[in-house]
Amino acid sequence: MQIEDRKERYKRIKLVIASNLEDVSLIGIVINKLCSSIPLSDTDSYQIELCVVEAVNNSIEHAYGNEKGHEVEVIFTLYPDRLIVDVCDTGKPMDQECMEQKDVSPLEIDSNDLDNIAEQGRGLPIIKAIMDSMTYKTQSGKNCLTLKKNIWS
Amino acid sequence: MQIEDRKERYKRIKLVIASNLEDVSLIGIVINKLCSSIPLSDTDSYQIELCVVEAVNNSIEHAYGNEKGHEVEVIFTLYPDRLIVDVCDTGKPMDQECMEQKDVSPLEIDSNDLDNIAEQGRGLPIIKAIMDSMTYKTQSGKNCLTLKKNIWS
Amino acid sequence: MQVEDRKEGDVLVVKVLNKRLDAQAANDFKEKMTEYINNGSPLIVLNMSDVDFVDSSGLGAMVSVLKLSGGDGQLAVCGTTERVARMFKLTRMNKVFSMFEEESEAIDALSQ
Amino acid sequence: MQVEDRKEGDVLVVKVLNKRLDAQAANDFKEKMTEYINNGSPLIVLNMSDVDFVDSSGLGAMVSVLKLSGGDGQLAVCGTTERVARMFKLTRMNKVFSMFEEESEAIDALSQ
Ligand SMILES: Nc1ncnc2c1ncn2[C@@H]1O[C@H](COP(=O)(O)OP(=O)(O)O)[C@@H](O)[C@H]1O
Ligand SMILES: Nc1ncnc2c1ncn2[C@@H]1O[C@H](COP(=O)(O)OP(=O)(O)O)[C@@H](O)[C@H]1O
């Protein structure tokens, strides 16, 4: 976290786990609680928890290829009008294509054609459907997926 | 966090805030939730929250002398039989004396002698009274207060 | 991943006891369910009332189990909590799985 | 730090609206209370029913206010939640402050 003047009021906490799927639920539980204490509704808190868990799973599974011993950072920053969650890893960066293709449309399916219903690929579409914005950046070896949710208070 | 084989089963999450009293409540809320989801009772969760908040306040106020822009790390590790919370800073180390003097006794007071009732100095005694052990170590510029609570399940 | 099972006529009722059906639990869940199917239980009711979190990996595992079981005439889901039901709706899975509020309704539906 | 106040006869009832009386809020709390005392409200009931967390800094601020007010004939505390009451017990503060469950009891005690 940088040293900075807090020109705009915010609260921030960073959460770090090892690249181990066993510990992802801790991130989920914590994000849910932080959201509900803003306070956001149970539904909103759960949906944001879901997005963050999807992003952390992606870092572990795709950026680190399920290799243990790396770190995934989640930075939760609450501004008066919005919530920003950054999910960062130092693994293999994501193809820009993955970000762009994953519009909300992959959630649409033909429910009668069971064989063609995918077993994967819903993580980024779910995030896109729930959050107000999602951006991805790689800088000096660190990849961050930034999720934004506007808060109406 | 080191790379390590998990010989003994545990779950771990690291929480980091800037040395800013405004953000300490985030640590408190999160620690409380992590404890209650172990699950510990409401009372135990609150008491552990209190100890961790006292330790984080001490790092900000004493180790960093209320100077902003530093980091306080809280590492929550849950083993099958115990909970370990490390509170770490990179500021001025604590005198070993402070640790040793602070027995549970400073909580004892003469309630009729209002003038002599202290306004400070209850942080470490509270921690000693609630946790099963408290140790302090400085290593290569990093100070860690380690709190242990046994878990009966 | 913990489950509890019992027979109701021809139907096997499987209750998921974990609170989270997530990336960590997904493979184990798939294996357990595959075992049930391979051991000759073609009609399965999945009781999800204890599950309060499902992510896309958990959902993927459920889709894979549904395919293996032969479709929604063979597998029914019941008792999803409101938040999980919402996740099913978001991903259109409410149209893929036969979903029931009560376990008894799900058992009846498969027993016919 | 937010408080709400009202007069009941000679007694000023001050309700703390923050959920946390912690190191961040302690100074502000002390200043607000000092203002009440200096503005001529010697009898104060402090309603803590909305506060669900007090740390040693919050406690220290309360002790300082108690001293300034002139002792427990002048200041009474009411409505502490169970967890906060437990913290008062641990630190023996339940013997230092006059504590009441109900606001009305605290007002009565100071009004005599
Ligand atoms: N953090 C990441 N790092 C690298 N690649 C990623 C990351 N997140 C997503 N991807 C890529 O985008 C694809 C789609 O991700 P997603 O929609 O979450 O589905 P799934 O994880 O089920 O494959 C992944 O298969 C992967 O190739
Ligand atoms: N993390 C720390 N770093 C440096 N000094 C500390 C730290 N924690 C405690 N101390 C020292 O120990 C003393 C007692 O601490 P404590 O019991 O928490 O009471 P208080 O913070 O109210 O003074 C402090 O005044 C300080 O001198």
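Proteins come first, then strands; the chains are lettered A, B, ... in the order of their sequence lines, and each starts at number 1.
Heavy atoms only, all atoms of each residue included: A:Lys33 and B:Ile29 are closest at CG-CG2, 3.6 Å. Nearest approach of A:Lys11 to B:Leu26, heavy atoms of both residues: CB-CD1, 3.8 Å.
For the atom pair CZ (B:Phe76) and CG (A:Leu15), the distance works out to 12.5 Å, reported to the nearest 0.5 Å. Note that CD of A:Glu22 and CZ of B:Arg9 are 7.0 Å apart. Values are rounded to the nearest 0.5 Å.
Inter-residue side-chain proximity for B:Asp23 and A:Ile13 is flagged as unmet; no heavy-atom pair is nearer than 4.5 Å.
Within 6.0 Å of CG in A:Asp42 there are 12 or fewer heavy atoms belonging to other residues, nucleotides or ligands.
Heavy atoms of B:Ser25 lying under 4.5 Å from chain A belong exclusively to its side chain. For a residue to count as touching a neighbouring chain, one of its non-hydrogen atoms must lie under 4.5 Å from one of that chain's; by this rule A:Ile27 touches chain B with backbone and side chain alike.
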